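In what follows, a single structure is set out as structure tokens and then discussed.
All values below were derived from every heavy atom in this structure, side-chain atoms included, with hydrogens, water molecules and symmetry-related copies excluded. As the structure is a prediction and not an experimental result, all values here were calculated from the model.
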Amino acid sequence: MDIFNAIIQVLDSTIRLSVPLLLACLAGLYSERAGIFDIGLEGKMLVGAFAGAAAASVFHSALIGLGMAILISVAFALVHGFASITHRGNQIVSGVAINFIAAGSTIILGQAWFQQGGRTPALQPGERFEAITWPGADAIRDVPIIGPIYAELLSGHSILVYFAFAMVPFTWWVLFRTRFGLRLRAVGENPAAVDTAGISVAWLRYRALICTGILTGFAGAYLSMVQNGGFVKDMTAGKGYIALAALIFAKWKPVNAMFACLLFGFLDAASIRLQGTPLPIVGKVSVQFMQALPYVLTVILLAGFIGKAIPPRAGGVPYVKER
Amino acid sequence: MAQAAIELIGINKSFGAVRANRDINLEIARGTIHGIVGENGAGKSTLMSILYGFYQADSGEIRVGGKPASIKTPNDAIALGIGMVHQHFMLVDNFSVLENIILGAETDALLKSSIAKARSELDRLEREYGLEVDPDAIIEELPVGLQQRVEILKALYRGAEILILDEPTGVLTPAEADHLFRILRQLKEQGKTVVLITHKLREIMAITDTVSVMRQGTMVATRETRKTTVEELAELMVGRRVLLRVEKGEAEAGAVKLAVKNLTVRDSRGVTMVDDVSFDLRAGEIVGIAGVAGNGQSELLEAISGIRHAVSGSVMLEGKPIDLTGKADPGELRDRGLAHVPEDRHHVGLVLAFEENENSILGYHDDPRYLRGPFLNIDAIMADARDKIEKYDIRPGNPRLKTANFSGGNQQKIVLAREIEQDPGVLIVGQPTRGVDVGAIEFIHKRLIAMRDQGKAVLVVSVELDEIRSLSDRILVMFAGRIVGERGPEATEGELGLLMAGVEHQEAAQ
């Protein structure tokens, strides 16, 4: 039973750890499907996390925090759009710039406003998103097998966790069942076809980036207002890049993205769980090795196991009307 | 006179200093097929893009069905019943036919009803015009001919009464082109107006009712097709008399320069593309290789020029073998006197982002003539480029201009000038005039014949039968990787056509 409980615990933290990846990955999916590479997911998550925690702590409201996280994140997405859509700049450069601005500005503003070494004040109850306990969760907690699965794994997460997973089918539906989705996919493949069909390429791509901004806002809010009780500098710690890796791994498909993010989340969870635990045969493994494991596996998986990943064909290329 | 479907009055359009259209007046009668011819860069496509709302005219008026129309976006054009089939298809390759059809013409925010409507609409169009295509097929899996059909369906689905086709046959096989013309005639019978932009005069003669000629941004003439001739149109296009068939004397074939023996080439999938091919190329003659595209000509060229691995056989250049492992050093072959003008000038022949002068020495850049110590001798390179520009009438004559900004014909001249001016003993040319204007074709043909008369050996591969017949002293016909026949230049088109279709070959095999 101990092993069973251990597995439940690892899976539970898998879910918690994969949520920011999933939100960021879906965010990237909207922009990349529209033909805009977005290496700035990391930066947008970071400003979202900062804005969310700061606003929640000042206004004593989790919802205002979330709203602010989304707002600021969308604003950064629009900056990326202005550089890469309107001015046809290099999308990678623009994304990297956003990451730098995010990393620097969050620390400076945090220090200037709260004087806590770049942190925001610890969030109080009501300023964070609390866990939701499903009906009857406590009652059946002790039922073997089903009890822990229901009470630990399914129940007891914050609303943002459920939101993130609900976004998977929703995103699929948007992409493949709506007019917006059809056009979004088309503009990532052949913007000239969209242009000659009488649709504005720029406006369509801006809208895709707004979707990206909203989702990275959620991802940032999750980091600072759910996983952590406040903002800590550089708290995204490369999650935006892992989300990008997951997006490639998932071949730009929403359901695949969920599984990819769960896999990365699981690697993370397992590495935490196994730290200091003696393993069979190899014995005790150093903490650093376990921490590096998810990243090592990311490289291996991306290098060898995904087969051919074909990105949206117009990805990374600013649209210029043919002369 | 039938009512005009479209009237263009005093259209002007400039791109920077370039006046692409000046004072264009044009009237296109309803229910006719109207051709617009002109050389590359004459302003045909610009004019049609203005009509389709892709560009805005600087001045002038457009009338559709007699009423003044303001066409600011493709949407306005579509609403006025104007549809366009672009030269490069505007299709999303990994979408299905249905998805491409509804893109931009969806009925509401969800796709379900749009798809249902498109499906029944396609059914109707298929019945009315014989435009058959599987609605669920993925575009990239369809042959080009069918992709083009999807473009036509797209326009018809949007209610097009006026259909503009920009160079529609450039990518089609002759059979596909014939089929397209049947479709266009059918559209005409149903009362649609068709505007056909092309630089192929034969097509104009074959299918149009009226034809307008453009030259350097102006509309120089409009003729009834049955009252004009290919020669007159060519002259109007170029502004001077054009020899459609270059005069040349008898060949004086000399020693064997290039000997190809039992050459066999397989492609990456292991399919045999060149099958046991042998022939000799002699000094002072032009040998033409005819064949429908895809019958191994490209692979043969690549193997001879040392850039594709051959499974077996040998190629002797001036009596010495060429390395056929696909790892031959093109520089070394150049030194041995073999020059190669590749079929695909955009991907193999030129670096489009380079300036003209850089491309004009590409591959010869380590020739001491262009060097000063370890550095490029810019003065010498520029002088050399200017010299070639003058000799080959490359326009615009600016060696500092980016190569991408030259028209297709002039790009081809840049490659030809580079290779011919090195004075090679053997010249191998793939598709010498693909996408090249009438005027430039004449020039290129003259150049090649001059090479021959200087005692060089020239091998020409072309899918244009006219070109093969007018240039070659001997014609080899390739079919399914084999040389299925050799004929003299007097061979008729019908005779060669049969060989190219593999008819005789199959009969012989049975």
Looking at every non-hydrogen atom in both residues, tell me the closest pair between B:I24 and B:G217 and how far apart they are. CD1-O, 3.3 Å

Examine the side chains of B:T46 and B:N21 and answer whether a donor and an acceptor come within less than 3.5 Å of each other. no

Quiz question: by atom type and distance under 3.5 Å, do the side chains of A:S158 and A:Y222 form a donor-acceptor pair? no

Which bit of B:Y52 is near chain A, if near means a heavy-atom gap under 4.5 Å: side chain, backbone, both or neither? side chain

Engaged part of A:R313 at the chain B interface, taking heavy atoms whose separation is under 4.5 Å: side chain

Here the pair of heavy atoms bringing B:I414 nearest to B:L350 is CG2-CD2, 4.1 Å

Can you say whether B:L103 sits under 4.5 Å from chain A via the side chain, the backbone, both, or neither, judging by heavy atoms? both

Pairs of heavy atoms under 4.5 Å with chain A: top-ranked of B:I115, B:D108, B:I78: B:D108

Tell me, do A:R177 and B:K112 make a side-chain contact under 4.5 Å, heavy atoms counted? no

Contact leader toward chain B among A:V194, A:I310, A:D195, where contacts are heavy-atom pairs under 4.5 Å: A:D195

Is B:D76 close to chain A through its backbone or its side chain, or both, or neither, when contacts mean heavy atoms under 4.5 Å? neither

